[in-house]
Amino acid sequence: MKKNKIVKITVGTLIALLVITLMVLLTLSQRVVMNPEGTVGNTAGNLNNSGLFCEYNGTVYFYNSFNGGGLFSMNPDESGLRRLNSLKVRNLLAGGKYLYYFQYGSASPDSTFGQALVMHTFDRCELNGSGSDSLTKDVVVSGQLVDNYLYLLTTANSGISFFKVKIDGSDMVDLADYNINPACAENGIIYYVGTQSDHFLYALNTSNDVSYEVWRGNLWNPVLENDYIYFMDVANNYRLCRYSFTQDIVEVLTNDRVDCFNVGHGYIYYQKNGTDPQLVCMRTDGSEPQTIAQGNYTNINITSRYAYFQEFGDENTLYHSPLGSTGCEVFTAASDAAAK
């Protein structure tokens, strides 16, 4: 009898330990892993152009805008195309183990009913596209990832809201009820343009959420690159300029009126407005300007190897151009991948 009782107790103890172990493993598998210090989700230039591309740790994540597209990943040389989901997404961010994006429907006509039903959410998923979780159902106008917090400018029936939320969905803090674009971030500082009484350059220190004035310019869509802030000069017909922090001077890069621009890897791409609209590429000091395409283009995104863009009014065609080249073509590999 005693032996049987000992056996029963031992088996019961083992079962209890197994259950506890499984519960711990399940909890650990669902725990959100924090990011390495210095994490920034995407470049300001990409985010100011809808954030359709995001390069992170040797992989390019992008919204494939062709019919039946969705969220894809590939190598910087455009090999290794892989579909992660069939959603319409923008404001792509990446850091640590996760991707973040604002999704607003399905890109695929044969999507599941569940995907079609959820129209507006800001989501977090693993880098392979699995394990998607919604962090907010507000419409995200612009968002950035800084270390372990998402800084989101959203709009809802209640109005505009700028807030931060931890990547696991906790610790949500309201920061402002007016327009603050958090796209431009580096070293724990978010640089943004004033929208209430001026267009000066301000900085938000994310360690304490305190803002301060940086420079009394009149600018829009700032992009930080090394010692310079690149910007559209509001007071002078939205020409493209850059301001040097160390020299405290402004350089005019082009007198063209600019609709949108992006900066990266030694180049600036911008859309020239006017009677002869063009997509133009030049060096970051304004030298060697060259026309890439005639017409009106938008959503200029840059990776380490290519510039990507769309023709204004055509959301289903994606163009690409090797950085610094003089021409462009339709990104047919993305079209082929979407058709599969």
Side-chain angles (χ1 to χ4, degrees), residues 32 34-57 61-63 89-104 121-125 127 134-136 138-155 160-195 201-212 214 219-225 229-231 260-264 299-303:
V32 175
M34 296 294 108
N35 294 322
E37 186 176 353
T39 295
V40 173
N42 202 346
T43 66
N46 283 352
L47 292 175
N48 288 336
N49 285 273
S50 297
L52 302 183
F53 283 74
C54 178
E55 186 168 351
Y56 179 68
N57 280 354
Y61 302 92
F62 71 103
Y63 172 55
V89 302
R90 58 176 173 80
N91 205 107
L92 279 166
L93 307 170
K97 292 184 61 178
Y98 306 104
L99 290 175
Y100 306 83
Y101 52 83
F102 177 67
Q103 73 99 344
Y104 55 101
T121 59
F122 191 81
D123 298 343
R124 181 196 67 238
C125 71
L127 294 175
S134 173
L135 297 175
T136 178
D138 290 339
V139 174
V140 172
V141 179
S142 182
Q144 180 62 284
L145 171 67
V146 180
D147 292 330
N148 292 309
Y149 282 87
L150 293 157
Y151 287 79
L152 302 176
L153 176 66
T154 67
T155 182
I160 290 176
S161 177
F162 177 63
F163 63 90
K164 73 174 186 179
V165 60
K166 207 165 187 178
I167 61 172
D168 61 2
S170 67
D171 195 21
M172 183 179 291
V173 180
D174 289 325
L175 299 174
D177 58 0
Y178 53 88
N179 187 340
I180 292 180
N181 179 3
C184 186
E186 186 175 294
N187 296 326
I189 305 295
I190 292 174
Y191 297 88
Y192 67 95
V193 171
T195 58
L201 182 67
Y202 292 87
L204 173 68
N205 187 336
T206 61
S207 66
N208 54 19
D209 295 327
V210 173
S211 290
Y212 55 93
V214 176
L219 63 157
W220 198 248
N221 281 356
V223 174
L224 179 64
E225 186 88 356
I229 282 283
Y230 294 81
F231 64 94
C260 58
F261 75 99
N262 202 337
V263 183
N299 293 336
I300 307 167
N301 281 238
I302 291 178
T303 68

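Nearest approach of G45 to N262, heavy atoms of both residues: CA-OD1, 3.1 Å. The nearest pair of heavy atoms linking G143 to L152 is CA-CD2, 3.8 Å. Nearest approach of N49 to F261, heavy atoms of both residues: ND2-O, 3.0 Å. Here the shortest heavy-atom pairing between L153 and I160 reads CD1-CG2, 3.6 Å. Nearest heavy-atom pair across P182 and Q144 is O-CB, 3.1 Å. Pairing each heavy atom of L145 with each of Y100, the nearest pair is CD2-CE1, 3.8 Å.
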As a quick check of understanding, evaluate side chain to side chain contact (heavy atoms under 4.5 Å, CB included) for N48 and N181, giving each step before the final call.
CA-CA 9 Å; N48 288 336; N181 179 3; 3.1 Å; yes

Check against side chain to side chain contact (heavy atoms under 4.5 Å, CB included), L93 and L47
CA-CA 9 Å; L93 307 170; L47 292 175; 3.9 Å; yes

Test log, rule side chain to side chain contact (heavy atoms under 4.5 Å, CB included), inputs I190 and V146:
CA-CA 9 Å; I190 292 174; V146 180; 4.2 Å; yes

Check the pair V223 / C184 against side chain to side chain contact (heavy atoms under 4.5 Å, CB included), numbers first and verdict last.
CA-CA 6 Å; V223 174; C184 186; 5.5 Å; no

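Here F53 contributes atom CZ and T43 contributes atom OG1; the two are 12.0 Å apart, rounded to the nearest 0.5 Å. Expressed to the nearest 0.5 Å, how far CD of E186 lies from CG of L224 amounts to 4.5 Å. Taking OH of Y178 as the reference point, atom CZ of F162 lies at 9.0 Å (rounded to 0.5 Å). In this structure, CG in N179 is found 11.5 Å from OG in S161, a value given to the nearest 0.5 Å.
Without hydrogens or angle criteria, T136 side chain to D138 main chain gives a donor-acceptor distance under 3.5 Å. At distances below 3.5 Å, at least one donor-acceptor pair connects side-chain atoms of N46 with backbone N or O atoms of I302. Counting only distance, with no hydrogens or angles, the side chain of D174 and the backbone of F163 share no donor-acceptor pair below 3.5 Å. Put simply, the side chain of N148 never gets that close to the backbone of M34: no donor and acceptor are under 3.5 Å apart. Remark: side-chain polar atoms of Y56 are paired, donor with acceptor, to backbone N or O of G96 under 3.5 angstrom. Side-chain atoms of D147 come within 3.5 Å of backbone atoms of T39 as a donor-acceptor pair (strictly under, hydrogens ignored). Listed for the N301 side chain is a donor-acceptor partner under 3.5 Å among the backbone atoms of L52. A donor-acceptor pair is defined here as one N or O able to donate and one able to accept, closer than 3.5 Å; no such pair exists between the side chain of T121 and the backbone of S134. In this structure, the side chain of D168 does not engage the main chain of V32 through any donor-acceptor pair within 3.5 Å. At distances below 3.5 Å, not a single donor-acceptor pair connects side-chain atoms of R124 with backbone N or O atoms of Y98.
For the pair I229/V214, no side-chain contact is recorded, criterion being any heavy-atom separation below 4.5 Å from C-beta on. By the 4.5 Å heavy-atom criterion applied to side chains, N57 and L127 are not counted as neighbours. For the pair Y151 and L204, the minimum side-chain heavy-atom distance is below 4.5 Å.
Put simply, the residue from L150, I167, V140 that forms a side-chain contact (heavy atoms from CB on, under 4.5 Å) with L135 is L150. Here the options are D171, T206, N35, D209, the test is side-chain hydrogen bond (donor to acceptor under 3.5 Å, both in side chains), and the partner is Y149; only D171 passes.
Two rings, from F122 and F102, have their centers 6.0 Å or more apart.
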